Amino acid sequence: MTIRVIIVDDQAMVRAGFAALLSAQADIDVVGEAPDGRAGVEVARTTHPDVVLMDVRMPEMDGLTAARAILQPPVGVVHVPKVLMLTTFDVDDYVYEALRAGASGFLLKDAPPADLISAVRVVAAGEALLAPSVTRRLIADFAAQRPAPRKDPSLRLKGLTPRETEVLELIARGLSNQEIARDLVVAEQTVKTHIGRVLAKLDLRDRAQAVIFAYESGLVRPGTT
């Protein structure tokens, strides 16, 4: 199956370079480009991509606002692609908020070409791009600096079974599916089933959002992992 991608970045050279690199892959098709977030939202709505490569800082509409518009569309918009944030600043507030909004991960613009290609494939497959340890570090750092949200996420934890809560905690502590399976002495497919139920019950898109939820609900606290 071909992965449909659009590239949203205010630098024409970046868009051209990424487009050339990705279009050279047999399983990836670049179906659109945009120079700012506002245009990016429009292109995403008309081309129905699988993955949106979204720059963080742009004129007209920044990448965070655009990512929110794409991932939390108005009533009537059915297609919701995955969003991969592109940044030159490593970990920052924009990236964290994008993950909270449902982005599947972030990638530095100066990452090796192979990393970009791999990232698109990973995100298209429905996985969060960030390695568990990186996800944990990123979210723990920012969760420690933030006040508790108005709505108490801990109330939503009550809908999980004890085993599902345990799996969520292990995800937040940076364990992979294989490591969780080994820890709980169950099959890896069983872990995937538990994760699917956790995401569905908590209305979360992927592991990155699950880790954020675990910290913001108080299930895992910064400095204790």
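Worth saying up front: this structure is predicted, and the values here are computed from it rather than measured. Residue indices begin at 1 and follow the sequence shown. Only this structure's heavy atoms are used, side chains among them; waters, hydrogens and symmetry mates stay out.
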Donor-acceptor under 3.5 Å (R4 side chain, T47 main chain):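 Yes.
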Using only atom types and a distance under 3.5 Å, with no angle test, would you say the side chain of E164 pairs donor to acceptor with the backbone of T161? yes
Please list every donor-acceptor pair under 3.5 Å in which a side-chain atom of residues 67-80 meets a protein atom from a residue at least two apart or in another chain.
{"from": "Q72", "atom 1": "NE2", "to": "A101", "atom 2": "O", "distance (Å)": "3.4"}
{"from": "H79", "atom 1": "NE2", "to": "P49", "atom 2": "O", "distance (Å)": "2.5"}

To the nearest 0.5 Å, what is the distance between [atom1] on [X] and [atom2] on [Y]?
| X | Y | atom1 | atom2 | value |
| --- | --- | --- | --- | --- |
| I117 | I28 | CD1 | CD1 | 6.5 Å |
| I6 | R15 | CD1 | CZ | 11.5 Å |
| F213 | L202 | CZ | CG | 4.5 Å |
| I3 | L22 | CD1 | CG | 9.5 Å |
| I171 | L175 | CD1 | CG | 9.5 Å |

Considering only NZ, NE, NH1 and NH2 on the basic side and carboxylate oxygens on the acidic side, decide whether D27 and R121 come within less than 4.0 Å.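 A salt bridge links D27 with R121.
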Considering only NZ, NE, NH1 and NH2 on the basic side and carboxylate oxygens on the acidic side, decide whether R173 and E169 come within less than 4.0 Å. yes
Search all heavy atoms of [X] against all heavy atoms of [Y] and return the closest pair with its distance.
| X | Y | answer |
| --- | --- | --- |
| L157 | S217 | CD1-OG, 3.5 Å |
| L99 | S104 | CD2-C, 4.4 Å |
| A98 | L64 | N-CD1, 3.5 Å |
| P59 | D36 | O-CB, 3.2 Å |
| L86 | D55 | O-OD1, 3.2 Å |
| A103 | D206 | O-OD2, 3.9 Å |

In the structure I gave you, are the side-chain heavy atoms of [X] and [Y] within less than 4.5 Å of one another anywhere?
| X | Y | result |
| --- | --- | --- |
| S118 | V122 | yes |
| E33 | V43 | no |
| V211 | V220 | no |

Assess whether side chain to side chain contact (heavy atoms under 4.5 Å, CB included) is satisfied between L184 and L170, documenting all intermediate values. CA-CA 10 Å; L184 300 181; L170 293 174; 3.9 Å; yes
Could you pull out all residues at least two apart from [X] that satisfy side-chain hydrogen bond (donor to acceptor under 3.5 Å, both in side chains)?
| X | answer |
| --- | --- |
| E166 | R163 |
| D10 | none |
| D62 | T65 |
| D29 | none |

Applying side chain to side chain contact (heavy atoms under 4.5 Å, CB included), run through R100 and E216 and close with a yes or a no. CA-CA 11 Å; R100 286 192 73 195; E216 294 191 339; 3.3 Å; yes
By the ring-ring contact (aromatic ring centres under 6.0 Å, His included) test, which pairs, at least two apart or in different chains, include something from residues 56-75? none
By the ring-ring contact (aromatic ring centres under 6.0 Å, His included) test, which pairs, at least two apart or in different chains, include something from residues 180-212? none
With [X], which residues qualify under side chain to side chain contact (heavy atoms under 4.5 Å, CB included), at least two apart?
| X | result |
| --- | --- |
| A111 | L107, D115 |
| S23 | V30 |
| Q11 | D9, V14, K109 |
| L199 | I195, L204, A210 |

Test side chain to side chain contact (heavy atoms under 4.5 Å, CB included) on L219 and L168 and set out the steps. CA-CA 9 Å; L219 178 64; L168 176 59; 3.7 Å; yes
Determine which pairs satisfy salt bridge (charged side-chain N to carboxylate O under 4.0 Å, His left out) with at least one residue from residues 180-195, sequence neighbours left out, and list them in order.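 Sorted pair list comes back empty.
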